[in-house]
Amino acid sequence: MPEGHSIHRLARQFTSVFAGQRLSVSSPQGRFAAGAAQLDGQTLVGAAAHGKQLFLEFDNELFLRIHLGLYGAFDFGGDETFRGASSIGAPRRVGEREIADDGEAAYAGPPPPKGAVRVRLVSNHGWADLRGPTACEVITPGEQRAILAKLGPDPLQPEADPEEFVRRLNARSSPVGLLLMNQEVLAGVGNVYRAEVLFRRQVSPWRAGKALDRDQTLQLWNDVVSVMADGVAAGRIITTLPEHRNDASTPVPTAEAHYVYKRQGLPCRICGTEIAVTDMAARKLYWCASCQDR
DNA sequence: TCTGTATGTCAAA
DNA sequence: TTGACCTACAGAC
């Protein structure tokens, strides 16, 4: 599920299984052959996420910048150091994806690449395959700084400044439903968190950013921080509170995970009004017209 | 075999 | 505001 929480999980995963290791880098598909050659044989220093951007830092002072876009996904495999991290990114089928660890025999090297593998990273202990990214390029530290400078604060970074979010949101007259998706305002939120957080804070998606007062804006920020931190921990987006679910079972069923996202025509979990859907800037926007009146 | 769909972004009109 | 693009898969034909 490539909103910001998935990218942070990836950064954590790359750091834990590949940092300090020399990597073979290749492009089985061929589309990233030149970039792979610049990184092949280098040691991974570490990985970091800012919003939906993933940066892999190599010890020749180059970064691999990856943006998964809609379809991008990583698959992992390897020995026991890779257990528990099999696959992060877009779902293979509708719904959330958490692939079970098969716990099978010892690692014997990566399998033949299946499908369009843009990049394959291989260490002595395991491998990672990247498919379908929107962006996959080698950049310099200066280029990385330029990219970071454009992005808004990332709610998943402990040092992120809420006041920066307040400034960026309250300065604009666009609807808050658009602004939450704008990576220059807030880095990491996508269509699911946008809809869900606006519902949780009872904010109308059409309120202008500058029409929200400081408290409301900070509450939005705090809610994004909380719900995205949960997303990192769970590996999926769950925004409903237990008291708003019909089914108390765990793990939370997909049908109970959201308040409004993809629930058009179904009754609002709070007030029973039918959840509505419309297009906003070519993306589906889901909301409850009755609850979201602030 | 073809179509539709998806948690995203960019450039062109 | 629209179309193009990245990929895989379910479901319809």
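Scope of the values below: all heavy atoms of this structure, side chains included, with no hydrogens, waters or symmetry mates. Numbers restart at 1 for each chain; the letters A, B, ... are given by sequence-line order, proteins then strands.
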Notebook entry, point to check: Side chain of Arg118(A): nearest nucleotide among dG8(B), dA8(C), dC6(C)?
Noted result: dC6(C)
Item checked: Steps toward side chain to side chain donor-acceptor pair (under 3.5 Å) verdict (Arg245(A), Thr240(A)) -> CA-CA 7 Å; Arg245(A) 298 178 200 134; Thr240(A) 49; 2.9 Å; yes
Note to self: For a quick check under 3.5 Å, do Ser204(A) and Asp293(A) share a side-chain donor-acceptor pair by atom type?
What the structure shows: no
Notebook entry, point to check: What is the distance from CZ of Phe32(A) to C1' of dC6(C), rounded to the nearest Å?
Noted result: 15 Å
Next item on the list: For dC10(B) versus dA8(C), give the span between their P atoms, rounded off to a whole number of Å.
Entry: 22 Å
Notebook entry, point to check: Taking NE2 from His5(A) and P from dG8(B), how many angstroms apart are they, rounded to a whole number?
Noted result: 10 Å
Note to self: So if I take every side-chain heavy atom of Ala282(A) and compare against dT2(C), dG8(B), dA8(C), which nucleotide ends up nearest?
What the structure shows: dT2(C)
Notebook entry, point to check: Can you tell me how far P of dA6(B) sits from CG of Leu68(A), to the nearest Å?
Noted result: 18 Å
Notebook entry, point to check: For dT7(C), does either OP1 or OP2 sit under 4.0 Å from a side-chain N or O belonging to Arg31(A)?
Noted result: yes
Next item on the list: Determine, using ring centers only, whether His244(A) and Tyr259(A) are less than 6.0 Å apart.
Entry: yes
Margin query: Students often get this wrong, so: under 4.0 angstrom with heavy atoms, is Glu196(A) touching a base, only sugar-phosphate, or nothing?
Written below: nothing
Next item on the list: Starting at atom CZ of Arg194(A), determine the distance to atom C1' of dA6(B), rounded to an integer number of angstrom.
Entry: 14 Å
Notebook entry, point to check: Roughly, in whole Å, what's the span from OH in Tyr193(A) to P in dG8(B)?
Noted result: 11 Å
Note to self: Less than 3.5 Å apart, any donor N or O on the side chain of His5(A) or Asp230(A) sitting next to an acceptor on the other?
What the structure shows: no
Next item on the list: Indicate whether any N or O donor in one side chain lies under 3.5 Å from an N or O acceptor in the other, for Gln216(A) and Arg201(A).
Entry: no
Notebook entry, point to check: Would you say the side chain of Tyr71(A) and the base of dA8(C) hold a donor-acceptor pair, judged only by whether the two atoms sit under 3.5 Å apart?
Noted result: no
Next item on the list: Can you tell me, in whole Å, how much space there is between the P of dA4(C) and that of dT3(B)?
Entry: 15 Å
Note to self: Is Gln29(A) close enough to dT7(C) that one of its side-chain N or O atoms is under 4.0 Å from OP1 or OP2 there?
What the structure shows: yes
Would you tabulate the pairs of protein nitrogen or oxygen atoms and nucleotide nitrogen or oxygen atoms of nucleotides 9-12 of chain B closer than 3.5 angstrom?
{"residue": "dT9(B)", "atom": "OP1", "partner": "His67(A)", "partner atom": "NE2", "Å": "3.1"}
{"residue": "dT9(B)", "atom": "OP2", "partner": "Lys52(A)", "partner atom": "NZ", "Å": "3.2"}

Next item on the list: Give a yes or no on whether the ring-centroid distance for Phe18(A) and His125(A) is below 6.0 angstrom.
Entry: no
Notebook entry, point to check: Nearest-Å distance, NZ (Lys284(A)) to C1' (dG8(B))?
Noted result: 16 Å
Next item on the list: Taking the six-membered ring for Trp and the single ring otherwise, decide whether the centroids of Phe74(A) and Phe14(A) are under 6.0 Å apart.
Entry: yes
Notebook entry, point to check: Atom CZ of Phe74(A) to atom P of dA8(C): distance rounded to whole Å?
Noted result: 14 Å
Next item on the list: Nearest whole angstrom, please: distance from the P of dT5(B) to the CG of Asp279(A).
Entry: 12 Å
Check: What interatomic distance, in whole Å, is found between P of dC9(C) and the corresponding atom of dT9(B)?
Finding: 23 Å
